Amino acid sequence: MWQPDGWGQTRIGLLTPHADIVPEAEFSALAPDGISIHAARIPFGAYKPGGTMEPTIADAPVRAMADPPAVDDAAEMLAMAPLHAIVFGFTSSSFIRGAADDAALKSRLETRTRGIPVVITCAAAATAMAALSAKRVALISPPWFSPAPVSNCGRIFEVDLPRSSKSN
């Protein structure tokens, strides 16, 4: 009997840290029928062998995750598959680098993806909140964040939210 083989009608690429299995599992679990997820790994300096890391991740490896050449090369290789979009699945770098760097990352990666659009997770979330006219947003930061990304994460979403949400 025929069974789906994982090649959906819509194929989404996912750039994820080399030892992080969560984004791939979450995307696959949330994808409706007809959408398949295809991941590529990017070296992330905060991981130890076996996927363990310090209780709080230093900012430097988080920032470096979005630096060339590793992420750019991974995006180019992933784009060799017949994909419809590629997601940079590492929100932590957005909280360290900010919205302007996210826009530059998107633009830089799209020069390597044969016209396949690149989605940056925090920018996509901010766009969705604006489209929904979100007035109040609760942000819960993971325990491994240092103080810098925690204080920055609200600013990421303020940039793109409707003006009225900044005062609520």
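Throughout, numbering of the chain's residues begins at 1 and tracks the sequence. Just the heavy atoms: all of them, side chains too, but no hydrogens, waters or symmetry mates, feed the values below. From a predicted model like this one, the values you see are computed outputs, not experimental measurements.
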Under 4.5 Å between any side-chain heavy atoms of [X] and [Y], yes or no?
X      : Y     : value
Thr121 : Phe88 : no
Ile35  : Asp33 : no
Ile12  : Ile86 : no

Task: Partner set under salt bridge (charged side-chain N to carboxylate O under 4.0 Å, His left out) for Arg108, not counting sequence neighbours - done: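 Once residues adjacent in sequence are excluded, the partners of Arg108 under the salt bridge (charged side-chain N to carboxylate O under 4.0 Å, His left out) criterion are Asp72.
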
Task: Listed partners of Glu26 passing salt bridge (charged side-chain N to carboxylate O under 4.0 Å, His left out), at least two apart - done: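 Salt bridge (charged side-chain N to carboxylate O under 4.0 Å, His left out) list for Glu26, sorted by chain: empty.
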
Got a donor-acceptor contact below 3.5 angstrom from the [X] side chain to the [Y] backbone?
X     : Y     : result
Ser93 : Phe90 : yes
Arg11 : Pro82 : yes
His84 : Thr10 : no

TODO: Output the distance between atom CD1 (Ile37) and atom OG1 (Thr16), rounded to the nearest 0.5 Å.
DONE: 11.5 Å

Task: Within one Ile-Leu-Val-Met-Phe-Trp-Tyr cluster: Met77 and Val119, side-chain cutoff 4.5 Å - done: no

Task: Joint cluster assignment, Trp144 & Met65, ILVMFWY side-chain distance < 4.5 Å - done: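 Trp144 clusters together with Met65.
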
Tell me the closest heavy-atom pair linking [X] and [Y], and the distance in Å.
X      : Y      : answer
Leu83  : Gly13  : CD1-CA, 3.7 Å
Thr113 : Ile116 : OG1-O, 2.7 Å
Ala46  : Ile57  : CB-CG2, 3.7 Å
Pro17  : Gly89  : CD-O, 4.0 Å
Ala75  : Leu109 : CB-CD2, 4.0 Å
Thr56  : Pro143 : OG1-O, 4.2 Å

Task: Test ring-ring contact (aromatic ring centres under 6.0 Å, His included) applied to Phe145 - qualifying residues, sequence neighbours left out - done: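 Phe145 satisfies ring-ring contact (aromatic ring centres under 6.0 Å, His included) with Phe95 only.
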
- [ ] Can you sort out the partners of Phe27 under ring-ring contact (aromatic ring centres under 6.0 Å, His included), two or more places apart, ordered by chain and number?
- [x]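 Testing Phe27 for ring-ring contact (aromatic ring centres under 6.0 Å, His included), a comparison that skips the adjacent residues, returns none.
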
Which residues satisfy the side-chain hydrogen bond (donor to acceptor under 3.5 Å, both in side chains) test with [X], sequence neighbours excluded?
X     : value
Asp67 : Arg97
Arg41 : Glu24
Asp20 : none
Ser92 : none

For [range], pull every pair meeting salt bridge (charged side-chain N to carboxylate O under 4.0 Å, His left out), keeping only residues two or more places apart or in separate chains.
range            : answer
residues 50-63   : Lys48-Glu54
residues 111-123 : Asp73-Arg112, Glu76-Arg112
residues 82-92   : none

Open item on the list: Using the side-chain contact (heavy atoms from CB on, under 4.5 Å) criterion, which residues pair with Ala58? Sequence neighbours excluded.
Closed with: Pro61

Open item on the list: Check this for me: Ile21, atom CD1, are more than 12 non-hydrogen atoms of other residues, nucleotides or ligands nearer than 6.0 Å?
Closed with: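 Not more than 12 within 6.0 Å, no.
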
